[in-house]
Amino acid sequence: MKADNYIKIEFPSRSVNEGFARAAAAAFAAQLDPTMDELGDIKTAVSEAVTNCIVHAYPDSIGRVTLRLRIIDGGTLEISVKDAGRGIADVAKAREPLFTTGGEERSGMGFTIMESFTDSLRVRSAPGRGTTVTMRRAIARRE
Amino acid sequence: MQITADYRSGRLVIRLAGELDHHSARAALEEVERLLDDYLPRDAVLDLAGLTFMDSAGIALILRTERHMRRTGGRACVSNPAKQPLRVLDAAGIDRMIPVRGGLRP
Ligand SMILES: Nc1ncnc2c1ncn2[C@@H]1O[C@H](COP(=O)(O)OP(=O)(O)OP(=O)(O)O)[C@@H](O)[C@H]1O
Ligand SMILES: [Mg+2]
C-alpha cells in the first residue's frame, strides 16, 4: 500500500485546537475532490478523535496530540490521531455506544460516530502509554 | 458559537449558530441552562438551523436539555438541523430520545 501524500501535525491538547484540526483535515482532503457531505464526515471523525485526546487522554494536564493524514491507493484518506496519555484498559467496552467515563458532559457516542462516518476504525491502546485511533475513508471519484 | 432565544406563551426557541464542539460546549450548556431557568418554558425548541458544525458535544447538550425539560414537567424538541448536524443526530439515534423536526434529510 503506497502513500501518495501525507502530512503530520503536532499540537498541545488545548480545546481551541479542535477546530484547527478539523479545518486542517478538510484542507488536506480537498485534493481528493470530496463532496460537502464527505468533508463533513471527515471533520466530524477528526473532531471526535481529537476531543477524546483532550478530554480523556490528558484529563488534568496538557499533552501532545499527533494528527497524521495520508492518501493511499489514490482515493482513500487515512486519519490517525495519537496521544501519549492515560490509555484505555478495555477498548471493546470503550467502543460500545453510550459507554463513557466522562459523566454528564459526555454522551458516550464518540466512537459510534467515528465508526459510522468512516469505512474502518482501529484503536490501539495501552494503559499509561497512550492511544492511537486510525480511520480510513474512501472518497468517491467524481467525473 | 452564538445563542439567541425567543419566548412566546410557554414556548422557548433557542437558536444555536456557529460550531458546537467540546471547545464551545461548556459556555453553550451554561447559556442554555440559564435560559431554561429564566423562562421556565413548557416547550423548549433547540433550533439548529444556524449550526455549521456539531459533534457529540451537541448530542450531550441536546440530551441535557431533554432531561432538564422532563424534570420540570415540560417537553423538548430539536428543529431544522443542516446536513452535517443531522448526520450526527442520526448516527447517535437521537430521534429515539427526542423529536427532530424539519431539516434536510439526505
Ligand atoms: N484517547 C483516549 N484516551 C483515553 N481514553 C479514551 C480515549 N478515547 C476514548 N477513551 C475512553 O473511551 C470512552 C468512550 O469514548 P467515546 O468518544 O465513545 O465517548 P465519550 O468521549 O465518553 O463521549 P462523547 O464522545 O460522546 O463526548 C471514553 O469515555 C473514555 O473512557
Ligand atoms: Mg468522545
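Throughout, protein chains are lettered first and strands after them, A, B, ... in sequence-line order, and every chain is numbered starting at 1. Predicted model, so just to flag it, every value in this text is computed and none were measured.
- The residue among A:Thr44, A:Val50, A:Leu39 with the most heavy atom pairs within less than 4.5 Å of chain B is A:Thr44.
- The 12-atom threshold is exceeded at CZ of B:Arg34, counting heavy atoms of other residues, nucleotides or ligands nearer than 6.0 Å.
- Shortest non-hydrogen contact noted between B:Asp21 and A:Arg22 is OD2-NH1, 2.8 Å.
- Shortest non-hydrogen contact noted between A:Ser47 and B:Asp55 is OG-OD2, 2.7 Å.
- No more than 12 heavy-atom neighbours from other residues, nucleotides or ligands sit within 6.0 angstrom of CZ on A:Arg14.
- Note: A:Asp41 CG to B:Lys83 NZ = 10.0 Å, rounded to the nearest 0.5 Å.
- The number of heavy-atom neighbours closer than 6.0 Å to CZ of A:Arg64, taken from other residues, nucleotides and ligands shown, is 12 or below.
- Residues A:Phe99 and B:Leu63 do not share a hydrophobic cluster, clusters being chains of Ile/Leu/Val/Met/Phe/Trp/Tyr side chains in contact below 4.5 Å.
- The heavy-atom pair separating B:Ala92 from A:Met109 by the smallest distance is CA-CE, 3.4 Å.
- Atom CD of B:Glu19 sits about 6.0 Å away from atom NZ of A:Lys43, to the nearest 0.5 Å.
- Under the 4.5 Å side-chain heavy-atom criterion for grouping Ile, Leu, Val, Met, Phe, Trp and Tyr, B:Val45 is not connected to B:Met97 through any hydrophobic cluster.
- Cluster membership check: B:Val32 shares its hydrophobic cluster with B:Tyr7, using side-chain heavy-atom separations under 4.5 Å among Ile, Leu, Val, Met, Phe, Trp and Tyr.
- B:Gln84 CD to A:Phe117 CZ: the interatomic distance, rounded to the nearest 0.5 Å, is 6.5 Å.
- Heavy atoms from other residues, nucleotides or ligands lying under 6.0 Å from CZ of A:Arg95 number more than 12.
- The minimum heavy-atom distance linking B:His22 with A:Arg106 is given by the pair CD2-NH1, 3.8 Å.
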Any chance you could lay out the salt bridge (charged side-chain N to carboxylate O under 4.0 Å, His left out) test for A:Glu105 and B:Arg64, step after step, and finish with the verdict?
CA-CA 8 Å; A:Glu105 278 171 32; B:Arg64 274 266 283 261; 5.0 Å; no
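- Clustering ILVMFWY residues whenever any of their side-chain heavy atoms sit less than 4.5 angstrom apart, transitively, puts B:Ile59 in the very cluster that holds B:Val100.
- Each of B:Met1 and A:Val16 belongs to its own hydrophobic cluster when Ile, Leu, Val, Met, Phe, Trp and Tyr are linked at side-chain heavy-atom distances under 4.5 angstrom.
- Near-neighbour residues of residues 51-62 of chain A relative to chain B, defined by a heavy atom under 4.5 Å from a heavy atom of that chain, comprise A:Thr51, A:Ile54, A:Val55.
- A donor-acceptor pair under 3.5 Å links the side-chain atoms of A:Glu48 to the main chain of B:Ser56, judged by distance alone.
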